[in-house]
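Quick notes on the structure that follows.
In this text the structure is predicted, and so the values were computed from the model without any measurement.
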Amino acid sequence: MSQQVEIELTEVLREAREQARFLGELGVETVDLPATKIAQAPEALQTKPSQSQVRDATPSQKTAPQRLAPPEALFEGLAPARPVFPRATEALEDIWRDIGDCTRCGLCEGRTQVVNTHGNHSARLMFVGEAPGADEDAQGKPFVGRAGQLLTKIIEAMGIKREEVIIGNVNRCRPPGNRQPTLEEAAICRPFLFREIAVLQPEVIVVMGNTALRNLLEVREGITRVRGKFQDFRGIKVMPTFHPAYLLRDPSKKKETWEDLKMVRDYLQTNPPKPKS
């Protein structure tokens with residue numbers, strides 16, 4: 001097996017492991033695969049003739065060297081490494097009931113209440129932030145404080161009512177002092193967001209700030225590097241942009257944020273709504 005084939009096989013296996021982890025976070029326990037028949041082992045795995053067989057063969061018996069089978073042939077019939085979200089078999093209320101009065105991480109000790117995703121369950125557009133602040137912790141709804149008021153103005157500037165979108169966070173409990181959630185805290189809470197997205201199936205998700213960006217797309221780059229460009233998350237368009245709380249600290253970034261959200265607005269206006277699967 002050539003070094004290039006080994007590299008490609010390693011990449012396929014890595015993506016398969018990533019997909020398995022992703023489905024596990026969604027709560028998927030089994031995956032039904034189409035029945036396939038293996039008629040013949042890929043050439044890359046076939047037994048090669050011995051040196052004596054090659055040496056003793058007559059010119060008429062010798063055959064042209066065979067090509068190695070592409071690595072994807074080993075996984076023929078399997079689902080693609082990065083499919084769209086599987087069809088959800090639960091409702092948002094089921095997810096929230098599962099979350100309950102959550103005590104899965106230490107953030108439960110200082111919160112007032114769990115703040116779940118809120119808005120239009122049929123929304124084409126979803127906004128995802130970092131975690132609740134003091135106002136959200138008190139009212140039980142995401143983005144109702146100063147940053148939320150700014151977000152509402154931005155949404156209305158797009159020609160959309162806030163009631164037409166849905167808004168959530170990676171974490172549902174307020175971190176002490178509004179600090180950034182730790183990697184462990186985000187990893188514990190993130191699967192519930194993934195399950196919600198699978199139910200909602202929005203056409204566009206706006207991720208606001210680095211925490212939301214890195215937990216949804218798992219990229220190392222920050223918002224400044226990737227903002228203004230549509231990304232893909234399991235078949236859903238994602239637009240990274242600055243968090244409204246950051247805009248309150250640095251109003252000069254409002255212009256760039258507006259440019260990002262105009263692209264989202266234009267996409268929604270020029271593309272008809274997609275049927276929910």
Of all heavy-atom pairs between [X] and [Y], which one has the smallest distance, and what is that distance?
X    : Y    : value
P175 : P181 : CG-CG, 4.2 Å
N169 : N171 : CB-O, 3.2 Å
N178 : G133 : OD1-CA, 3.6 Å
C102 : V114 : N-CG2, 4.1 Å

Enumerate the salt bridge (Lys or Arg N to Asp or Glu O under 4.0 Å) contacts for residues 149-172, please, sequence neighbours excluded, ordered by first and then second residue.
R172-E196

Interatomic distance, K237 atom NZ to F230 atom CZ [nearest 0.5 angstrom]:
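The CZ atom of F230 is 6.0 Å from NZ of K237, to the nearest 0.5 Å.
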
Distance, nearest 0.5 Å, that separates OG of S252 from CZ of F242
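Reported to 0.5 Å precision, the distance equals 8.5 Å.
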
Is there any ring pair (Phe, Tyr, Trp, His ring centres under 6.0 Å) pair reaching into residues 131-164, and which pairs are they, with sequence neighbours excluded?
F143-H243

Of all pairs that satisfy ring pair (Phe, Tyr, Trp, His ring centres under 6.0 Å), the ones with a partner from residues 151-184, not counting sequence neighbours:
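Those involving residues 151-184 do not exist here.
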
Any non-hydrogen side-chain atom of [X] less than 4.5 Å from a side-chain atom of [Y]?
X    : Y    : answer
L213 : V219 : yes
V204 : I236 : no
I205 : V207 : yes
P202 : L125 : no
L248 : R146 : yes
E218 : F233 : no
V170 : E130 : no

For D98, check side-chain hydrogen bond (donor to acceptor under 3.5 Å, both in side chains) against everything at least two apart and list the hits.
R195

Per the side chain to side chain contact (heavy atoms under 4.5 Å, CB included) rule, which among V238, V206, L193 passes with M126?
L193

Begin with the C-alpha distance, continue with both residues' side-chain angles, and end with the deciding distance and a verdict on side chain to side chain contact (heavy atoms under 4.5 Å, CB included) for E136 and K141.
CA-CA 5 Å; E136 290 76 16; K141 294 182 180 180; over 6 Å; no

With E185, which of R179, R174, R111, R104 fulfils salt bridge (charged side-chain N to carboxylate O under 4.0 Å, His left out)?
R179

Suppose we screen for side chain to side chain contact (heavy atoms under 4.5 Å, CB included). Which residues come up paired with [X], at least two apart in sequence or across chains?
X    : answer
I155 : F127, L151, I160, V165, I167
K255 : none
E109 : none
R220 : none

Qualifying residues under salt bridge (Lys or Arg N to Asp or Glu O under 4.0 Å), relative to [X], sequence neighbours excluded:
X    : answer
E259 : K262
D135 : none
D250 : none
R124 : E203

